[in-house]
Amino acid sequence: MRVTRASMSLDGLLDFFRTGIESRTPDDPANGPEEASYFERFMGSVLPEYLEVRCQVQDSGCKTDNFGTLLRPLSRYEVSAAIQYASASGAPALPSPAQATILRKLHLRRKGCRTDLQGLDFVNHNSLTSAPPQLPPQPLQPGIFNSLKSIRTTPYEMSFLSRLCGHRPSIDSGLVAVDWETRSPWIELMTDVREHYSYAHSASSQSPEVPVPIRYVSLQPSYLQQVHELLARVFWDGIDVSDLLQSCPERCSVIAVYGKIVVGVALLSSPQEAYITYLAVRAGWHNSQVATTMLYHLIVLNPHRDITLHVAANNPAMLLYNRFGFKAEEFITGFYDDYLDSQSRASMNAFRLRLRR
């Protein structure tokens with residue numbers, strides 16, 4: 001009998017003959033010297049051919065990986081022996097990722113051999129334990145950076161992603177309050193102008209109107225020029241309040257801002273004196289509760305202290321101060337003679353008011 005099947009492993013042959021030998025009894029006459037010599041002669045004639053065919057099959061199944069390493073497929077015996085060794089050696093409870101990957105592939109290889117699955121023959125240990133060789137650095141091309149900088153992207157606060165994930169606007173330094181509900185006459189006028197323009201140019205596409213709140217903040221250097229212009233328009237020229245930036249503006253000032261436009265100013269001389277020097281509202285923003293809101297926050301920012309001010313005798317702001325509890329203490333004639341023009345409609349006389357706390 002000659003065995004020439006290349007698929008038959010040496011381990012299978014040994015198991016076959018070992019099973020036959022172990023199944024015989026000591027009294028069996030076939031266990032004599034003649035039977036042993038026949039077995040040796042048979043194995044001597046089979047093994048050389050088997051080993052030659054086995055080497056040919058292994059050589060045909062070898063492959064080379066990306067790093068030039070020759071890889072040989074594991075035999076069934078090697079796969080089983082590796083799994084048994086890993087099980088007998090007492091693997092740790094949490095093996096490393098490389099060990100877990102190799103053991104899982106060995107189990108798949110053994111199952112593949114039993115079910116004739118292909119593609120599970122190789123376990124590239126180099127790719128699991130070592131990193132690929134480093135490539136030489138490529139020279140940077142300046143055109144790439146110029147192309148990246150030229151890409152126009154949508155700001156996150158206006159993007160669709162911000163609508164999905166939410167966006168919290170950055171809090172302004174010195175923010176006192178935010179008003180989303182007030183609609184001043186100026187806002188209503190701008191809305192009418194926009195609607196008439198859209199009606200007259202219906203063919204052209206119009207960008208949607210973005211709602212903007214009225215923010216009440218403390219005095220900032222960026223608002224200083226608009227504050228001076230507003231005070232000069234309401235009172236007189238030459239008013240400079242820049243020194244207020246050095247004396248606690250968080251407690252001595254409330255500025256109403258719509259977008260980037262200053263629409264109201266309320267200033268206190270200092271937290272110690274608590275004297276209201278200026279309270280002004282931009283034209284088009286009267287009767288919008290802007291002055292009321294600024295005065296309220298200015299009073300709240302300076303608790304437990306009397307607040308005083310002077311107001312012209314014919315100024316309608318007297319009604320506003322009375323609603324907050326200001327009471328007249330003194331009537332001063334000619335208080336504004338040095339500030340107002342002789343042709344001014346405002347009264348030169350003033351009341352001194354006090355809010356007792």
Side-chain angles (χ1 to χ4, degrees), residues 174-196 209-220 222-239 241 244 252-269 275-302 307-328 335-336 339-341 343-353 355:
L175 181 65
V176 177
V178 179
D179 183 6
W180 288 90
E181 299 180 357
T182 300
R183 300 282 297 180
S184 69
W186 185 87
I187 296 178
E188 298 294 346
L189 176 61
M190 293 298 103
T191 302
D192 292 341
V193 171
R194 186 182 185 88
E195 291 178 354
H196 282 78
E209 181 180 3
V210 180
V212 179
I214 301 175
R215 294 178 296 112
Y216 295 90
V217 299
S218 59
L219 182 62
Q220 305 292 329
S222 58
Y223 302 138
L224 200 57
Q225 181 179 356
Q226 295 190 60
V227 169
H228 287 161
E229 294 175 355
L230 177 58
L231 294 179
R233 190 179 301 115
V234 175
F235 295 101
W236 49 82
D237 296 333
I239 298 177
V241 296
L244 197 62
C252 299
S253 62
V254 177
I255 311 298
V257 182
Y258 180 77
K260 297 182 179 180
I261 304 175
V262 174
V263 298
V265 178
L267 302 177
L268 206 66
S269 59
Y275 176 80
I276 297 179
T277 54
Y278 302 104
L279 178 63
V281 177
R282 192 183 190 94
W285 291 81
H286 296 285
N287 302 322
S288 302
Q289 303 298 317
V290 174
T292 303
T293 305
M294 291 190 301
L295 182 59
Y296 167 78
H297 288 294
L298 199 61
I299 295 173
V300 170
L301 291 174
N302 296 271
I307 298 178
T308 59
L309 60 89
H310 287 87
V311 59
N314 61 346
N315 193 335
M318 280 283 295
L319 300 177
L320 171 65
Y321 298 134
N322 288 334
R323 290 204 305 266
F324 278 92
F326 284 86
K327 302 298 181 182
F335 181 81
Y336 292 107
Y339 303 99
L340 297 177
D341 185 81
Q343 304 298 325
S344 175
R345 295 182 179 180
S347 175
M348 300 297 177
N349 306 323
F351 284 98
R352 177 181 174 89
L353 306 183
L355 175 64

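For the numbers below, each heavy atom of this structure counts, side chains included, while hydrogens, waters and symmetry mates do not.
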Subject >> Candidate pair V176 and R215, rule side chain to side chain contact (heavy atoms under 4.5 Å, CB included), full reasoning >> reply: CA-CA 8 Å; V176 177; R215 294 178 296 112; over 6 Å; no

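- Checked against the 6.0 Å centroid criterion, the rings of H310 and Y336 do not qualify as a close aromatic pair.
- V265 places a side-chain heavy atom less than 4.5 Å from the side chain of V262.
- Residue F324 qualifies as enclosed at atom CZ: its count of foreign heavy atoms under 6.0 Å is above 12.
- Within the 4.5 Å cutoff, side-chain heavy atoms of L267 are placed close to those of L231.
- Atom CG of L224 and atom CG of L219 lie 6.0 Å apart (nearest 0.5 Å).
- Judged by distance alone, with hydrogens and angles left aside, the side-chain atoms of S288 form no donor-acceptor pair with the main-chain N or O of V290 at under 3.5 Å.
- Counting heavy atoms from C-beta outward, Y275 and I307 have side chains that stay 4.5 Å or more apart.
- Y321 has its side chain within reach of L295: a pair of non-hydrogen atoms, C-beta onward, lies under 4.5 Å apart.
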Original post:
Passes side chain to side chain contact (heavy atoms under 4.5 Å, CB included), V311 versus L309? Steps please.
Top reply: CA-CA 7 Å; V311 59; L309 60 89; 4.1 Å; yes

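- Distance alone, capped at 3.5 Å, places no donor-acceptor pair between the N349 side chain and the A313 backbone.
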Original post:
side chain to side chain contact (heavy atoms under 4.5 Å, CB included) between L268 and N302: does it pass, once the steps are laid out?
Top reply: CA-CA 10 Å; L268 206 66; N302 296 271; 3.5 Å; yes

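- Side-chain rings of Y278 and F235 approach one another, their centers coming within less than 6.0 Å.
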Subject >> side chain to side chain contact (heavy atoms under 4.5 Å, CB included) evaluation trace for Y258 with I187 >> reply: CA-CA 10 Å; Y258 180 77; I187 296 178; 3.6 Å; yes

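- In this structure, V241 and H228 approach most closely via the heavy-atom pair N-NE2, 3.1 Å.
- Put simply, the side chain of V178 does not reach to within 4.5 Å of the side chain of I214, judged on heavy atoms.
- The neighbour count for N287 CG, taken as heavy atoms of other residues, nucleotides or ligands under 6.0 Å away, does not exceed 12.
- Side chain to side chain, R183 and T191 meet the donor-acceptor criterion of an N or O pair below 3.5 Å.
- Listed for the Q220 side chain is no donor-acceptor partner under 3.5 Å among the backbone atoms of I255.
- For the pair R233 and R282, the tightest heavy-atom approach, listed with the atom from each and the gap, is NH1-NH1, 4.4 Å.
- V254 is not listed as a side-chain neighbour of S218, based on a closest heavy-atom distance of 4.5 Å or more.
- Side chains of M294 and Y216 form a contact here, defined as non-hydrogen atoms less than 4.5 Å apart.
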